[in-house]
Amino acid sequence: MDVFAIFVERVSNTLKSLYPEVSDDVLARLVVEPPRDPAHGDLSSNAAMVAAKPLGKNPREIATALAEAFKNDPDVTSVEVAGPGFINFRLAGPIWFAVLRSIWAQGADFGRTDIGKGERVNVEYVSANPTGPMHVGHTRGAVFGDTLAALMAYSGYDVTREYYINDAGSQIETLARSTLLRYREALGETIEIPPRAISGRLSGAGRRGAESEFGDSLLSRPDAEVIPLVKDRVLAAMLELIKADLAKLNIHHDVFFSERTLHGQGKEIDSTLDWLRSEGMVYQGRLEPPKGKTPEDWEDREQTLFRATDYGDDVDRPLVKSDGSYTYFAADIAYHRDKYLRGFKHMINVLGADHSGYVSRLKAAVKAVSHGQADMDVKICQLVRLMKNGEPFKMSKRSGDLVTLADVVEEVGVDATRFMLTYRRNDAAMDFDFALVKEQTRDNPVFYVQYAHARVCSIFRNAEKEMPGLDTSDAALRGAEFELLSSPAEAELIRALAQWPRTVTQASLAHEPHRVAFYLYEVAAAFHGFWAKGKEDIGLRFINTDHPKLTLARLALVGAVRQVLVNGLGILGVSAPSELS
RNA sequence: GACCCCGUAGCUCAGCAGGAUAGAGCGCAGGAUUCCUAAUCCUGAGGCCAUGAGUUCGAAUCUCAUCGGGGUCACCA
């Protein structure tokens, strides 16, 4: 149950009954939120202010009328009109205790919403070139996409997690050729390795794959015949490598979509271009070179262009390269048309900062292929700078290799990696300090939150030890007398828990999983704060051997904290340990 | 030259689809441990929300311009 959603509805209905002429537009802007200053009450609504202008009335007049109507609401103990026209509510105990009962009743589903209404959404993330292991630059997008997907699923969307394999380009060709050379070398031929070839370490997996499948039978056959065979082995090996890396972060995609399957005579790019032509979205024309910076090898030629400017892009985009093959974008149009035809009306793409220039053309493509029926949100993840003790940190000067995803996970662990990468807006650049992330102090939000969970578990362990006669089964906790939780500190903690469903809804609508991480930090802080109060005032301790009923009620509260932490950490893909080592 | 992102406390960042006196952590100054994990908590100092206009009852939030930082800019992916 979401008390905020409940009151949005009540306030809306009341407003409508008082002023039947209010428009839906006004109701859509009406919010009920926790006031910044708790002294203002439990809930606050802007209803009167958003309705004032359309109704041509004074906001305080509307607010007063609304407040009057709520005097009969049994869940409301006081209503006040404040400031320019805020309506501040103070809620009666029972509705807060109902929140606790709801947490116990719903368990893992407390906070789940149906705003997605079961609609399908495609979340595409990572989509790195299969030319090597995942490096640290991919990690942020991988974690962000995965967490966003989990959040959307928790919000009632039918989510498909998708990875687009860019396996059709020249880089793959190079990789296959390099691998073939390494294969010949490994089988005894003397080979001169060209300077731009991929390193032996990288091509090793593909080479071994080819060796084990073909033995030395490829040596005698011409390159043109053999390269496609090697390429298949290489791609398979690379994909396994990537999947294994992602698995280290507990990331698993539902669909791996190969770009190669779009290419070829009569395949999807062909048919998509035919379709685009039939829709008049393509023409032959010339492009102006970019102002201020004409590329060295600019060649002014007539080419096949997609009318991206009709769909909000800055310039029309080429579909065919000068050598006659398709551009990356042409394939991407076909790919996104494929997504649409598979039934996705909502699409989210997670891209790295270096692709920010690609966003408007991607949105244009989706708008075009769906005739405006599908929406596309592109989330850009900004760069991550690796740090160690406050100093920029670069690995391996010798080989020029990048820090890999596997390195990071091995160094700091899954939980810290995932939490820290989520504990920041995706569109802000961030520093990732190995030393800090590994530290187990309150500087580190991962451990701060996990510690809160561990503390909860510890309290239960102690309760069993100190009060062996107390029945702390779930059934007993559910039936606890929540009315005994009457101190301000308890009320504060319950209010924090009550915000969980609202947090999920808002984070989901905004496609901003970092809000979940920040919320969990707040819950942990409220809980740690309450815990410490037991130091000063023994009456506020969770375990009071003289008061079994109060102890049971407090344990039920603490159990509710645990549930919310577990639900939130679950979305983030971070574990909730029962004790910290 | 154009487009995208960012600019909030000394540092790192939040600020909830415009809302009341702008928040947290670190750092700094001070305090709490016979008692459920001090891996924690409490108190204090510290801000012209880059700058300037505009929109309105109200702007850190929306619009425009300027400055500063990052990213990108046919035929790479």
Side-chain angles (χ1 to χ4, degrees), chain A residues 28-29 31 33-37 40 44 46 49-50 52-53 58-59 82-86 88 127-129 131 166 168-172 259 287-295 297-301 303 305 314-315 317-318 320-323 325 327-329 331-332 352-360 380 382-383 390 423-425 427-431 433 436 439-445 447-448 450-452 454-455 458-463 465-466 499 502-503 506-507 509-510 512 514-515 518-519 521-522 525 528-536 538 541-544 579-580:
Chain A
R29 290 172 51 213
V31 299
E33 58 191 359
R36 233 203 305 264
D37 185 348
H40 291 138
S44 175
N46 65 352
M49 292 180 288
V50 296
K53 199 172 185 184
N58 183 314
F86 287 102
N88 294 333
S127 296
N129 293 345
T131 51
N166 301 137
S170 58
Q171 289 177 24
I172 305 301
E259 182 191 349
L287 230 41
E288 295 284 322
K291 282 184 181 148
K293 188 203 163 209
T294 304
D297 54 347
W298 177 268
E299 124 185 40
D300 185 25
R301 67 183 175 91
Q303 48 188 338
L305 297 169
D314 302 325
V315 62
R317 303 290 179 175
V320 181
K321 299 188 219 172
S322 47
D323 68 357
S325 64
T327 60
Y328 178 79
F329 182 53
D332 225 10
D354 52 342
H355 288 71
S356 58
Y358 197 69
V359 175
S360 53
I380 295 289
Q382 289 295 331
L383 302 174
Y423 199 66
R424 190 120 319 175
R425 294 181 58 94
D427 49 11
M430 73 182 289
D431 293 341
D433 193 312
L436 176 68
E439 216 168 277
Q440 298 197 10
T441 69
R442 72 165 304 170
D443 311 10
N444 185 338
F447 288 98
Y448 187 78
Q450 287 188 319
Y451 179 45
R455 241 182 185 172
S458 166
I459 289 164
F460 274 99
R461 286 192 296 268
N462 281 310
K465 212 184 313 166
E466 290 183 34
Q499 287 191 50
R502 182 170 182 270
T503 301
Q506 307 236 340
L509 288 174
E512 290 182 352
H514 75 274
R515 294 193 196 186
F518 279 95
Y519 170 79
Y521 187 89
E522 278 172 29
H528 286 311
F530 185 45
W531 190 95
K533 284 201 169 65
K535 290 252 175 219
E536 299 151 20
I538 292 184
R541 294 200 182 177
F542 299 111
I543 300 166
N544 284 273
E579 48 192 324
L580 299 181

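Throughout, protein chains are lettered first and strands after them, A, B, ... in sequence-line order, and every chain is numbered starting at 1. Owing to the predicted nature of the structure, the values given are computational and were not obtained by experimental measurement.
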Under 4.0 Å between a side-chain N or O of [X] and OP1 or OP2 of [N]?
| X | N | answer |
| --- | --- | --- |
| A/Tyr448 | B/C41 | yes |
| A/Lys533 | B/A32 | no |
| A/Arg425 | B/G15 | yes |
| A/Arg424 | B/C13 | yes |
| A/Gln499 | B/C16 | no |

Expressed in angstrom and rounded to an integer, what is the separation of [X] atom [atom1] from [N] atom [atom2]?
| X | N | atom1 | atom2 | answer |
| --- | --- | --- | --- | --- |
| A/Glu466 | B/C36 | CD | P | 8 Å |
| A/Asn46 | B/C57 | CG | P | 15 Å |
| A/Met49 | B/C57 | CE | C1' | 9 Å |
| A/Asp354 | B/C4 | CG | P | 18 Å |
| A/His514 | B/U12 | NE2 | P | 18 Å |
| A/Asp297 | B/C76 | CG | C1' | 11 Å |
| A/Glu512 | B/A17 | CD | C1' | 10 Å |
| A/Phe518 | B/G25 | CZ | C1' | 10 Å |

Let's see if you can work this out: which of [options] has an atom nearest to the side-chain heavy atoms of [X]?
| X | options | result |
| --- | --- | --- |
| A/Lys535 | B/A38, B/U40, B/U72 | B/A38 |
| A/Trp531 | B/A38, B/A74, B/C76 | B/A38 |
| A/Ala428 | B/C16, B/A77, B/A14 | B/A14 |
| A/Asn462 | B/C36, B/G19, B/C4 | B/C36 |
| A/Glu259 | B/C57, B/G1, B/A77 | B/A77 |
| A/Tyr521 | B/C5, B/G25, B/A14 | B/G25 |
| A/Leu287 | B/C16, B/A74, B/U56 | B/A74 |
| A/Ser356 | B/C41, B/G71, B/C73 | B/G71 |

Between [M] and [N] - [atom1] atom distance, rounded Å:
| N | M | atom1 | value |
| --- | --- | --- | --- |
| B/G27 | B/G44 | C1' | 14 Å |
| B/C73 | B/C16 | C1' | 35 Å |
| B/C75 | B/U12 | C1' | 42 Å |
| B/G15 | B/C62 | P | 12 Å |
| B/C64 | B/C26 | C1' | 37 Å |
| B/A9 | B/U55 | C1' | 30 Å |
| B/G52 | B/C67 | P | 15 Å |
| B/U56 | B/A2 | P | 30 Å |

Any base atoms under 4.0 Å from [X], or only sugar-phosphate, or nothing? Heavy atoms, all strands.
| X | answer |
| --- | --- |
| A/Pro318 | sugar-phosphate |
| A/Asn544 | nothing |
| A/Ala28 | base |
| A/Ser44 | base |
| A/Ile380 | nothing |
| A/Glu536 | nothing |
| A/Glu522 | nothing |

N/O donor-acceptor pair, side chain [X] with base [N], under 3.5 angstrom:
| X | N | result |
| --- | --- | --- |
| A/His355 | B/A77 | yes |
| A/Asp314 | B/C73 | no |
| A/Arg502 | B/C16 | yes |

* Between A/Tyr358 and A/Phe329, how do the two ring planes meet: parallel, tilted or perpendicular, split at 30° and 60°? -> perpendicular

* Lys/Arg N to Asp/Glu carboxylate O, A/Arg425 vs A/Asp427, below 4.0 Å -> yes

* Starting at CD of A/Glu522, measure out to CD of A/Gln499 and round the result to the nearest 0.5 Å. =>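 Between atom CD of A/Glu522 and atom CD of A/Gln499 there are 7.0 Å.
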
* Structure fact -> Residue pair A/Ile459/A/Ala429 against RNA chain B: nearer the 5' end by closest nucleotide is A/Ala429

* To do: Please tell me which of A/Ala510 and A/Gly529 maps to the more 5' nucleotide of RNA chain B, matching each residue to the nucleotide holding its nearest heavy atom.
  =>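 The 5'-side residue here is A/Ala510.
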
* Is any side-chain heavy atom of A/Asn462 closer than 4.5 Å to a side-chain heavy atom of A/Phe542? -> no

* To do: Could you check A/Phe86 against A/His40 for side-chain contact (heavy atoms from CB on, under 4.5 Å), going step by step and ending with a plain yes or no?
  => CA-CA 10 Å; A/Phe86 287 102; A/His40 291 138; over 6 Å; no

Which pairs, protein N/O on one side and nucleotides 7-11 of chain B N/O on the other, fall under 3.5 Å?
none

